[in-house]
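Written out below as structure tokens is the structure these notes cover.
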Number of protein chains: 2
Amino acid sequence: MGQAQLAAVPEPKYWHLRTVLLRTIDTEFSTGQVIPNERELSARFGVARATLRQALDQLELEGRLVRRRGIGTLIAAPRVGVPVSSSEEGWPSTSRSQAWRIVDCTSAPASPQLATALGVPAGETVHTVRRLRLAQGLIVATESLHVPDSAVPHLPALPQLVGSTEGERARSVLRQLERVGVDGESRSVELGVAEADQAVLLERPPGTPVLVVTTQYAAAGRKVAVAVCTYRADTCKLTFGESGGVEVSPVTAVRSA
Amino acid sequence: MGQAQLAAVPEPKYWHLRTVLLRTIDTEFSTGQVIPNERELSARFGVARATLRQALDQLELEGRLVRRRGIGTLIAAPRVGVPVSSSEEGWPSTSRSQAWRIVDCTSAPASPQLATALGVPAGETVHTVRRLRLAQGLIVATESLHVPDSAVPHLPALPQLVGSTEGERARSVLRQLERVGVDGESRSVELGVAEADQAVLLERPPGTPVLVVTTQYAAAGRKVAVAVCTYRADTCKLTFGESGGVEVSPVTAVRSA
DNA sequence: AAGTGGTCTAGACCACGAT
DNA sequence: TCGTGGTCTAGACCACTTT
């Protein structure tokens, strides 16, 4: 990598450093390579390690770097395009794509907030299926799918499910939901950070930035499910619309134009 | 606060601090209030100011706090729901909603990346309209709308536009684009940080986290425009689907359930 | 054991907004 | 001028991975 060159301008050091590093990794490094360690870089640029780390923090937030404790700092792979478009992608089709992996399934009375979101009376039984979403073999998201009991009337009663595994119970919920069908969905996307439990599932430390996608599913004019899907912001680019799956063109690059 | 857990991995101080602060601001503060300053808080919790700031950084990333230099740290207002759904919302209807404010308009040969994204030969003239998006009187996003010259054949030639203001030129581009119509769009959303120019427009410091929405518009099977829209991640929740505008229910709260 | 990133400290000074 | 958050320093120790 290049050598120290810091302008004495109103621009903060860490921001200038980020710019220099960004240009360097764009021109002299490729995906998967490890860059020099933090102590060496801070010495080379003549700044404190904390300042250098501030620059690396930015680049990590942008998904350009990945830092692994005990290993080093690596050039990140380009973000994976993850389709979040029509029902077909995220919907509980247990068959087809292996893109989802069931974690567990619980049934409990709805909290007030959840009841409101689902449009059911507080306290009604709600089945919650937790799943992991995979893309290209990597975990990219966790999902909590909440289904009020009244939306899946043909679900076997709880007592009959004693002895069945969580996976089986989860699959029955999904199957029943499929039978109901969906004729509408509304969605929101916002930035969040992973709490402890999410962080474990995503194999990331707590506080990891995530894109929280909340989807409300409707059938015959009433809400039948709410899904809260938590995507790793560092590795995911959410895609919507007709062009499912892989991106048609590297539009991301337009940003720097 | 003090817990005797068997955690083989001790929770970092800043993360525990975040949890405590989050509970405090949820129960004892309301939107717009200023919380005690950093020096006092760090003293009160018996940690270094840098550690306290690490906790505040998290809460700011989550959109729960707003820090203003010279003023203090305030409880943030809930995120504003911004419709990014059908063409109607984001589309250049110069009339109707006052939700967009034109910044400038330039015409230049397409960079290679931009040409690829638009599906035109590199070097073709591309008109770029920059706009601000407002919601509830606040700036929530900037947009760069790229339109290849070949997609708007009836646009007055450049020489004829000499003397016209940028605003007028921008409006003619938008008008022509409206005439062409749109029959398809594909979109992606990812996390980014605001560069210097974007930061100025968004009235935020460089490095501010943003949600980058890239939209490709098509008409008659060919791409007619690409829009790169940069939303302030701290204040925006992007909404898709039928329920435009305000959210139907406080689904966000489900996260903590 | 050695090397990496992660956390934490106790200071210092600067830029900004209000007074 | 004063109080605020923003930046920066020079260390220290810890947790993790590899050798």
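Scope of the values below: all heavy atoms of this structure, side chains included, with no hydrogens, waters or symmetry mates. Residue numbering restarts at 1 for every chain, and letters A, B, ... go by the order of the sequence lines.
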- salt bridge (charged side-chain N to carboxylate O under 4.0 Å, His left out) against A:Glu203, all qualifying residues, sequence neighbours excluded: none
- Figure out the CZ/P separation between A:Arg39 and D:dG11, and round it to whole Å. 13 Å
- For atom NE2 of B:His16 and atom P of C:dT7, their distance in whole Å: 16 Å
- Query: Within this structure, what is the CZ-to-P distance between B:Arg18 and C:dT7, rounded to whole angstrom?
  - Reply: 14 Å
- Task: Kindly say whether, by distance alone, the side chain of A:Arg68 makes a donor-acceptor pair under 3.5 Å with the base of C:dG6?
- Result: no
- Note on the structure: Sorted by chain and residue number, the side chain to side chain donor-acceptor pair (under 3.5 Å) partners of B:Arg232 (sequence neighbours excluded) come out as B:Asp234
- B:Asp197: salt bridge (charged side-chain N to carboxylate O under 4.0 Å, His left out) partners, not counting sequence neighbours: none
- Could I get the full list of salt bridge (charged side-chain N to carboxylate O under 4.0 Å, His left out) partners for A:Arg68, not counting sequence neighbours? none
- Considering just the side-chain nitrogens and oxygens of A:Arg67, establish if one lies under 4.0 Å of OP1 or OP2 belonging to C:dG6. yes
- How many Å lie between CD on A:Glu38 and C1' on C:dG6, as a whole number? 8 Å
- Could you tell me which residues satisfy side chain to side chain donor-acceptor pair (under 3.5 Å) with A:Asp57, sequence neighbours excluded, listed by chain and number? A:Arg67
- Applying side chain to side chain donor-acceptor pair (under 3.5 Å), name anything that partners A:Glu40, two or more places apart in sequence or on another chain. A:Arg44
Enumerate the protein-to-nucleotides 8-10 of chain C contacts in which both atoms are nitrogen or oxygen and the separation is below 3.5 Å.
from  : atom 1 : to      : atom 2 : distance (Å)
C:dC8 : OP1    : B:Lys13 : N      : 2.3
C:dC8 : OP2    : B:Tyr14 : N      : 3.3
C:dT9 : OP1    : B:Lys13 : NZ     : 2.9
C:dT9 : OP2    : B:Ala48 : N      : 2.9
C:dT9 : OP2    : B:Thr51 : OG1    : 2.5

- Item | Any A:Asn37 side-chain nitrogen or oxygen under 4.0 Å from OP1 or OP2 of C:dT4 | yes
- Go through the structure and list residues passing salt bridge (charged side-chain N to carboxylate O under 4.0 Å, His left out) with A:Arg39, not counting sequence neighbours. none
For nucleotides 16-19 of chain C, print each protein N/O atom paired with a nucleotide N/O atom at under 3.5 Å, atom names and distance only.
none

- Query: After noting the C-alpha distance and the side-chain angles of A:Tyr14 and A:Arg53, does the key distance pass the side chain to side chain donor-acceptor pair (under 3.5 Å) rule?
  - Reply: CA-CA 8 Å; A:Tyr14 79 89; A:Arg53 278 181 60 82; over 6 Å; no
- Query: What is the distance, rounded to the nearest whole Å, between atom CG of B:Leu65 and atom C1' of D:dT4?
  - Reply: 15 Å
- Message: Distance alone, cut at 3.5 Å: any donor-acceptor contact between the side chains of B:Arg187 and B:Thr215?
- Response: yes
